[in-house]
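The block underneath contains the structure these notes are about, expressed in structure tokens.
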Amino acid sequence: MVSARLASIQESTTLKISAMAKKLTASGLDIIDMGVGEPDFDTPKHIVEAGCNSIRMGETHYAPTAGIPELRQTIAEKLSRENRVPAGAEDVIVTPGAKMAVFAAVQALLQEGDECILIGPSWVSYEPSVAFAGGSVLWGKVDENFMPQDIAEAIGPRTRLIIVNSPTNPTGAVFDRGVLEEIRDLAVDHDLFVISDEIYEKIIYDHEHISIASLPGMVDRTVTINGFSKAYAMTGWRLGYLTGPKETMKWVIRLLSHSVSQATTFVQRAGVAALQGPQDDVEMMVAEFRARRDVLVRGLEELGIPCSKPGGAFYVFPDLSAYGGGDLFTERLLKEALIAATPGSAFGPGGADYVRLSYATSQNRIHQALERIEKIL
Ligand code: PMP
Ligand code: GLU
């Protein structure tokens, strides 16, 4: 027995590949895991301490659905100060992971039959969230550097929503102010809502991160989402958040109150420490990600594999059309080179020629991966 709605939804490819890579490693194979997007660093010590102290203090009970007041206040200040997205504590909702924030926002915004635009290859969980709401996805085109191109052409009669994700998973593309202004103009002209998933905001190189909600005309039609998984290496803690128009937030709270109830109470204390504490660890991790990106992009170029240089996140998205496309190459990577990667097709029809390689692994392993790839070529 299964509901028709769930039966149409595939398992998350990224998480499936992550589980497979772990299983193969446990069986004794020397797998280089470039599959899942998960920082390989430990959560910074002061954040861990804050979480542990909170448990010791007995903060192990239910908290308000929208989050503990201290964290909501800290996030509101961060949004206002860093992102120029005006928010008070009452406008912020804390979620168990940014994934839940995406899911809840999509459920709150879409009606059965509505359309949502995704811009080029997009993270694996957006389309299932839209499908779960009874909506459908329309794919906006991108150019060779994964920048939006002629998005207006994708707009259909029942388009209500655009999901923006800059820096982008899986391509690493960063949308500058001009690109975001074009999306803003479209949203205003066609009366669309925007969900802006900014989870890779801090993992950005040579670019400035701009929140689309900070552009004139956008604050009332944008839900801004962020989380702690990537910037603070906190994937397993499950902590994210969203802010947006009061009416939308009201429905999001209702959905959370009947599903997850809240993000874990002591994890929220760790979140306060992450935002209020020193940011040196974030800087160290970003510097290391940048060095790895440079090694990987240069290495792929030397192997003759076309690869646009990503401005953010920790993925490269090389073009393998000369080698039979992304699905075939991903399979060869695993079978012949013991490298776990994600096929570009997992990110939508525009990704079929590509493979996503996550460089959230050491430079040493990246060098080894390049040597193995050279051998199979
Ligand atoms: N958005 C994007 C683009 C992602 O890559 C991820 C993957 N972790 C998430 C949201 C969700 O992150 P989390 O649930 O771990 O906060
Ligand atoms: N977002 C990461 C990825 O794309 C983690 C897995 C997931 O949640 O999808 O690999």
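Ligands are counted one by one from 1 in listed order, and the atoms in each one are counted from 1 as well.
Remark: distances from the non-hydrogen atoms of I199 to ligand 1 include one below 4.0 Å. Using a non-hydrogen distance threshold of 4.0 Å, G227 does not register as a contact of ligand 1.
With salt bridges taken as basic N to acidic carboxylate O contacts below 4.0 Å, one links E288 and R292.
Exactly one residue among S229, P167, P310, S166 makes a side-chain contact (heavy atoms from CB on, under 4.5 Å) with Y200. That residue is P167.
If you look at K16 next to ligand 2, there are no close heavy atoms at all, none under 4.0 Å. With a 4.0 Å heavy-atom cut-off, ligand 2 is reached by no atom of T235. For K99, every heavy-atom contact with ligand 2 shorter than 4.0 Å involves the side chain, none the backbone. Contacts of N169 with ligand 2, taken as heavy-atom pairs under 4.0 Å, involve the side chain alone. When non-hydrogen atoms are compared, ligand 2 lies under 4.0 Å from the side chain of T14 (C-beta onward) but not from its backbone. The part of Y315 lying near ligand 2 is the side chain, judged by heavy-atom distances below 4.0 Å.
Nearest protein heavy-atom contact of atom 7 (C) of ligand 1 is K230 NZ, 3.1 Å. Here the protein heavy atom with the shortest distance to atom 5 (C) of ligand 2 is G37 O, 3.6 Å. From the protein, the heavy atom lying nearest to atom 16 (O) of ligand 1 is A98 N, 2.7 Å.
Of all the atoms in ligand 1, the ones that sit under 4.0 Å from a non-hydrogen atom of N165 are 3 (C).
Nearest to atom 4 (O) of ligand 2 by heavy atom, out of K230, E38, R356, is R356.
The aromatic ring centroids of Y315 and Y359 lie 6.0 Å or more from each other. Between Y205 and F314, the ring centre distance reaches or exceeds 6.0 Å.
The minimum heavy-atom distance between K230 and P39, with the atom names listed, is O-CG, 3.6 Å.
Checked against a 3.5 angstrom limit, the closest N/O atoms of S125 and ligand 2 fall outside it.
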